[in-house]
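Report on one structure; see the data block that follows.
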Amino acid sequence: MHKNLQSVRGILPGILACLAIAVPSWLAGRAVPVVGGAVFAILAGMVVTLVWTRKGAADRGIRWTSKYVLQAAVVLLGFGMDLAVVVRTGAQSLPIIVCTITTALAIAWGLHRALRIPSNISTLVGVGSSICGGSAIAATAPVIGADDDEVAQAISVIFFFNVLAAVLFPLLGKAIGFSTTSGGPFGIFAGTAVNDTSSVTAAAATWDSMWHLGSQTLDKAVTVKLTRTLAIIPITLALALRRAKAPASATAAEGAAGEKNAPRAQSFSLRRAFPLFILFFVIASVVTTVALAAGAPSGLFQPVKELSKFLIVMAMAAIGLNSNVVKLVRSGGKPILLGAVCWAGITGVSLLMQHVMGIW
């Protein structure tokens with residue numbers, strides 16, 4: 001008991017520091033949803049750490065927050081997933097989602113090889129661009145062992161293209177002739193081509209207000225976005241399996257080459273590879289689906305969803321506090337190029353697939 005109290009006291013200063021940044025960032029994000037609380041938090045953390053270079057007793061708690069609070073936030077995201085709604089919407093949007101995700105991941109892999117972009121950065125930007133922005137990065141980072149600088153850089157890249165999409169996509173939709181009497185086509189476009197929920201919401205709501213469509217576009221876009229978010233599960237599982245196999249393969253190769261002191265390669269274990277917080281995310285989704293099917297009110301899980309969003313903001317504050325902003329600026333060119341190519345690829349494929357399927 002005494003040991004547990006000491007452990008809590010050891011991390012409490014860092015948790016409180018993250019909380020002090022998270023609360024105003026959360027409020028700022030609600031006031032400016034196109035930016036979002038997570039971006040405010042990570043930027044605030046970066047600014048604070050320029051002055052607060054020696055964190056002393058707070059260091060341990062900040063690192064604890066960036067890891068475990070982030071995982072808890074991902075688990076609670078599951079309470080926003082009604083799998084029944086996702087299945088109903090998936091028939092129309094799933095082919096587009098699969099193609100856009102495949103495109104972004106292929107671009108990320110190709111540019112990682114061609115431009116020698118660090119593997120973790122390319123993975124985070126590719127997953128963040130193709131699935132659901134900051135939430136996907138939050139889920140993927142612990143699986144691939146990304147450090148806080150890598151997470152901060154990926155979040156910054158995703159944020160930049162989020163803002164561009166929220167501003168430019170309604171203008172693009174008008175220019176290329178999306179229906180102005182139904183929100184469905186533009187809703188599918190926003191839900192498949194914009195990478196973060198806040199920007200999906202901003203773009204869809206703008207289209208609704210431009211053409212007086214009530215909430216048609218917004219409802220469609222958010223539902224498609226929920227379908228897309230489910231891709232977190234297979235993607236993180238695949239990355240976990242790949243990461244678990246890689247060290248064993250490398251060690252085995254060293255042993256075969258005659259390294260006398262090479263440790264014995266560990267046999268592959270699904271239990272070690274499977275990220276438990278993703279399992280809990282799935283369980284939370286199933287609980288939500290069953291409860292809603294049994295007649296529970298739709299607002300039942302809203303407080304949990306809001307808590308999840310706040311915990312992501314808090315974790316981003318910790319990541320900002322652990323980030324070296326000078327290093328991020330110096331190494332930012334290639335990740336931004338990667339984000340731009342992923343963004344352009346996803347946009348083009350989404351439009352092409354909708355045209356081929358006769359949606360617009």
Side-chain angles (χ1 to χ4, degrees), residues 7-80 124 128 132-142 146-160 162-163 196-199 201-202 277 280-281 284 301-325 328:
S7 181
V8 170
R9 286 173 184 165
I11 62 174
L12 190 58
I15 293 173
L16 292 176
C18 296
L19 193 61
I21 293 174
V23 171
S25 298
W26 166 260
L27 295 174
R30 292 177 72 87
V32 190
V34 72
V35 176
V39 173
F40 280 120
I42 204 165
L43 292 177
M46 287 178 181
V47 171
V48 169
T49 208
L50 288 174
V51 180
W52 189 25
T53 54
R54 296 184 179 181
K55 300 181 178 65
D59 185 67
R60 184 178 162 201
I62 292 170
R63 295 188 183 280
W64 187 89
T65 301
S66 72
K67 181 177 181 180
Y68 294 107
V69 171
L70 191 58
Q71 292 184 14
V74 173
V75 172
L76 295 181
L77 278 176
F79 289 105
L124 291 176
C132 54
S135 299
I137 291 171
T140 305
D147 63 32
D148 287 343
D149 280 344
E150 291 167 333
V151 173
Q153 193 159 59
I155 289 281
S156 300
V157 169
I158 294 301
F159 158 69
F160 178 69
N162 274 344
V163 173
D196 191 82
T197 304
S198 60
S199 293
T201 302
F277 70 96
F280 295 140
F281 169 86
F301 296 105
Q302 189 61 35
V304 183
K305 289 161 62 178
E306 291 300 314
L307 176 59
S308 167
K309 293 174 184 177
F310 179 77
L311 291 180
I312 287 179
V313 172
M314 191 171 166
M316 290 304 119
I319 286 168
L321 287 171
N322 280 333
S323 299
N324 184 333
V325 69
L328 292 179

**Item:** Residues F281, L76; criterion side-chain contact (heavy atoms from CB on, under 4.5 Å); working and verdict
**Value:** CA-CA 7 Å; F281 169 86; L76 295 181; over 6 Å; no
**Asked** Checking E150 side chain against D147 main chain: does a donor-acceptor pair fall under 3.5 Å?
**Response** yes
**Asked** What distance separates R63 CZ from C18 SG, expressed to the nearest 0.5 Å?
**Response** 11.0 Å
**Message:** Is there a side-chain contact (heavy atoms from CB on, under 4.5 Å) between S156 and M46? Walk through the geometry before answering.
**Reply:** CA-CA 11 Å; S156 300; M46 287 178 181; 4.3 Å; yes
**Item:** Shortest non-hydrogen contact between F301 and F79, atoms and distance
**Value:** CB-O, 3.4 Å
**Prompt:** Shortest non-hydrogen contact from I158 to G133?
**Reply:** CG2-CA, 3.8 Å
**Asked** Under the 3.5 angstrom rule, does the side chain of T140 hit a backbone N or O of I137 as a donor-acceptor pair?
**Response** no
Pair up each side-chain donor or acceptor in residues 303-320 with any protein partner under 3.5 Å, not counting sequence neighbours, and list the distances.
unit_1, atom_1, unit_2, atom_2, d
K305, NZ, Q302, OE1, 3.4
E306, OE2, Q302, NE2, 2.9
S308, OG, A73, O, 2.8
S308, OG, L77, N, 3.4

**Asked** Less than 4.5 Å apart, any side-chain heavy atom of W64 and any of V69?
**Response** yes
**Message:** I'd like to check I21 versus F40 (side-chain heavy atoms, cut-off strictly below 4.5 Å). Are they in contact?
**Reply:** no
**Residue of the set D59, T65, I62 for which side-chain contact (heavy atoms from CB on, under 4.5 Å) holds with L321** = I62
**Message:** Show, in sequence, the C-alpha distance, side-chain angles and deciding distance for T49 and K55, and conclude whether the side-chain contact (heavy atoms from CB on, under 4.5 Å) test is met.
**Reply:** CA-CA 9 Å; T49 208; K55 300 181 178 65; 2.4 Å; yes
**Prompt:** To the nearest 0.5 Å, what is the distance between CZ (R60) and CG (L12)?
**Reply:** 11.0 Å
**Request:** Starting at CG of D148, measure out to CD1 of I155 and round the result to the nearest 0.5 Å.
**Result:** 11.5 Å
